[in-house]
Structure formats: structure tokens, C-alpha cells
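Heads up: the structure comes next, in C-alpha cells.
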Amino acid sequence: MIVEHDVALARFTTIGTGGPARLFARPRTLADLEDALARAGEEGLPVAVVGLGSNLLVADEGVDAVVLRLEGELAAVEVESETLVAGGGAANAVALHAARNAGLAGFEFACAIPGTAGGGVRMNAGAYGSDWAGVMKRALVVDGEGASWRTPSELGLSYRHSDLRGGQIVARVEFELLRGDPDEIKAKVKELNGLRKAAQPTNRRTFGSVFKNPDHELSAGRMLEACGLKGHRIGGAQISPKHANFIENADDARSDDAIALMAEARYRARERFGVLLEHEVRFLGALDFRSEETRG
Ligand SMILES: Cc1cc2nc3c(=O)[nH]c(=O)nc-3n(C[C@H](O)[C@H](O)[C@H](O)COP(=O)(O)OP(=O)(O)OC[C@H]3O[C@@H](n4cnc5c(N)ncnc54)[C@H](O)[C@@H]3O)c2cc1C
């Protein structure tokens, strides 16, 4: 397995921002993955993993770590009876396609989520009333200590949360699905894609939801809209004019621009609604949150 130096991570995030990874490797097998973890141990570097970078903001200065992207066997998909088995790096679109071809239903909601099977476990990704915890049987988690299969409850999956820590990598995921008619699955996916297109920016560079929905009658998006933030711009980043819980890379944005927008949004939501919004997006590298602190 080739280990590359100083690989720009902007091309591995959907928002298209972020500096280089000190070391970058693309393990294709479990043995490769174990080698990469051993190498990180020898170098004394932490390990991070990127999926499709669809809920990820990487520091502009880069990441002093070994960053992994799962490929090959670790991104393959197969169907065994009613179980869909996906490598941690398998794109949801590929997994959904395999499920539909095999006449397996229940994964349609993932059509709206442009990530990987492993990223979905980390985030307990979900949409339209379903989530990973509801369809997943177990996930193979690998770290410096070894590999173990874990169920959703052992992973502590709850709303956009898992107990997985940095350096714990989901190498494989088993989903337990139900027999379904491929034409009905296709129709469902078409319907959900239509709903998504009407409500969210689907043709812009974003990292999906910025904040989790708070325990409040208004969603994070509605709150930020009420604060007048739709279209608000800092540097090259702007709050989506279509949905206020999305930040778009409008023009050569930097991650710092997105951080400044998040700080502004949190400040305004707290001032107007007394609610401290919690980030849904995950961070990689030393991001500078001082702008949040100075806003109180
Ligand atoms: C247009 C758009 C719409 C979206 N809509 C939704 C939605 O409806 N519902 C929803 O839940 N999310 C949504 N998202 C966010 C995102 O797609 C999900 O959170 C997705 O599950 C992230 O997967 P990923 O592979 O891209 O992970 P990344 O963004 O690459 O990483 C996210 C986190 O997961 C970790 N991670 C990634 N892969 C692994 C792995 N194999 N093992 C362990 N940790 C890993 C990363 O280290 C990071 O901490 C949307 C994003 C976009 C851009």
C-alpha cells in the first residue's frame, strides 16, 4: 500500500475546502488497514478516516495525522440472502443499487445521504424517519487494538451520534433488509429524491446539515432563517439561500470562512432563541474557533 505525503484533502470533501494530510493511505484490505494503523503507531501520529467527506470540515492548515480512505475490498458491496454487506468505504448509492437489484427494501432513505456505509455508522446517518441504527445488524470496528463486530446498541447509536472515537475505523457494515419489489424501491427513491430537491441545495458544494436539530419547535434551519441568515456571506462561504442549515462554497471558500459563518449562526440563534446549536458536521485538524469565543 502506497503512503502519500501532503495530500490535499479539499478534493476529498464535498464542500471542497481543507488543507493537506501529513500522510494519506488508501487501504484496500483488512491487512492493509492493519498495516496503516501499525505505521501510524510507529510514526506516533493519530489516525483519521474520510468517507466521501460529506459531513466533514478540514482545517485549512491541514491535518497532522495519517488520514485513511477505504477502497477496494473495503469499499465493496455484496448481498447474502437478506443481508447487505458493505465495506466501510462503500458509497451509499452503490449499496442502494445493489440492494435494489437484489430486491431488498429498507435502505431507500439513504438515497438522500451522499456518504459511505462507515461514515453512516459514525454519524448514525438518517433521513425521512429512518437511520443506520434501524437497518444495521452490526459493524466491524478496527483500531490499534484489533477488530470486533459491534451492534447498534454497542456503538451507542442515537440521533446523529455514535460512541466511536477517532482512530476507530468501520471496515464493514451488515444491514438487515426486507424482501421488496425492485420497481417499488425505484419509485420510492424517485419520490424521496424529488422531496429532497425541493427543500435543499442539491447542486451546490456543501457538507450537509451544519447543526443538529435542537429540542425546540423550530428546526435549526428554521431558526437560522428567522434570524435572517439565508444568503449571509463571509469570504467565499455563504448560508444557503434555499435552506439556512446548509453552508455553500459559493466562491473559492476556505474552511475558516465556514467556521466564521457557524460562529455567527450560533451567536444569533442563542441571542434570539436562547438555544445553543450543536454542530452536526465533524471536524478534522486544528480548526480555529476563536471567532465563536469572542462572540460570547
Ligand atoms: C447534500 C447533502 C445532504 C445530506 N443529507 C443528509 C441527511 O439527510 N441525513 C444525514 O444523516 N446526513 C446527511 N448528510 C451528511 C452526510 O452525508 C452524512 O453524515 C454521511 O453519513 C457522512 O458520510 P461520509 O462517508 O461522507 O463521512 P465523512 O463526511 O467523510 O466523515 C464524517 C465523520 O465520519 C467519520 N468516518 C467516515 N468514514 C468512517 C469509517 N469508515 N469509520 C469510522 N469513521 C468514519 C469521519 O472521520 C468523520 O468524523 C448530507 C450531506 C450532503 C452534502
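Both ligands and their constituent atoms are indexed starting at 1 by order of listing.
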Hey, looking at [atom], which of [options] has the closest heavy atom?
atom: atom 5 (N) of ligand 1; options: Arg282, Arg196, Gln200; answer: Arg196
atom: atom 9 (N) of ligand 1; options: Ala117, Gly118, Gly126; answer: Gly126
atom: atom 23 (O) of ligand 1; options: Gly87, Gly115, Ala75; answer: Gly115

Side chain or backbone of [X] under 4.0 Å from ligand 1, or both, or neither, by non-hydrogen atoms?
X: Gln168; value: backbone
X: Asp131; value: neither
X: Ala112; value: backbone
X: Arg205; value: neither

So which heavy atom in the protein is nearest [atom], and how far is it from that ligand atom?
atom: atom 41 (N) of ligand 1; value: Val170 O, 3.1 Å
atom: atom 53 (C) of ligand 1; value: Gly208 N, 3.3 Å
atom: atom 27 (O) of ligand 1; value: Gly119 CA, 3.8 Å
atom: atom 1 (C) of ligand 1; value: Thr206 OG1, 3.9 Å
atom: atom 25 (O) of ligand 1; value: Thr116 OG1, 2.6 Å
atom: atom 12 (N) of ligand 1; value: Ile113 CG2, 3.9 Å
atom: atom 20 (C) of ligand 1; value: Ser54 OG, 3.7 Å
atom: atom 34 (O) of ligand 1; value: Arg122 CG, 3.1 Å

Pairs of nitrogen or oxygen atoms closer than 3.5 Å, one from [X] and one from ligand 1: do any exist?
X: Ala127; value: no
X: Asn55; value: yes
X: Leu52; value: yes
X: Ile169; value: no

Atom indices of ligand 1 within 4.0 angstrom of [X] heavy atoms, with elements:
X: Val50; answer: 30 (O)
X: Leu70; answer: 41 (N)
X: Leu56; answer: 29 (O), 30 (O), 48 (C)
X: Pro114; answer: 2 (C), 3 (C), 4 (C), 17 (O), 50 (C), 51 (C), 52 (C), 53 (C)
X: Gly120; answer: 21 (O)
X: Ala125; answer: 11 (O), 21 (O)

Quick one: do [X] and [Y] make a salt bridge, cutoff under 4.0 Å?
X: Glu4; Y: Arg26; result: yes
X: Glu82; Y: Arg179; result: yes
X: Glu184; Y: Lys186; result: no
X: Arg39; Y: Glu42; result: no
X: Lys212; Y: Glu278; result: yes
X: Glu174; Y: Lys137; result: yes

- Task: Verify the distance criterion only: is there a donor paired with an acceptor across the side chains of Glu248 and Thr206 at less than 3.5 Å?
- Result: no
Could you grab the distance from atom [atom1] of [X] to atom [atom2] of [Y], nearest 0.5 Å is fine?
X: Arg233; Y: Glu264; atom1: CZ; atom2: CD; answer: 15.5 Å
X: Leu192; Y: Lys197; atom1: CG; atom2: NZ; answer: 14.5 Å
X: Thr116; Y: Arg69; atom1: OG1; atom2: CZ; answer: 9.0 Å
X: Asn92; Y: Ser54; atom1: CG; atom2: OG; answer: 7.5 Å

- If Ile, Leu, Val, Met, Phe, Trp and Tyr residues are connected whenever their side-chain heavy atoms lie under 4.5 Å apart, and connections chain through other members, are Ile169 and Met1 in the same group? no
- Item | Mutual orientation of the aromatic rings belonging to Phe211 and His279 [parallel < 30°, tilted 30-60°, perpendicular > 60°] | parallel
- Task: Check which hydrophobic residues are tied to Leu52 through side-chain heavy-atom contacts below 4.5 Å, counting indirect links as well, and list them.
- Result: none
- Ala48 near ligand 1, heavy-atom distance under 4.0 Å? no
- Do Phe24 and Phe12 have ring centres separated by under 6.0 Å? yes
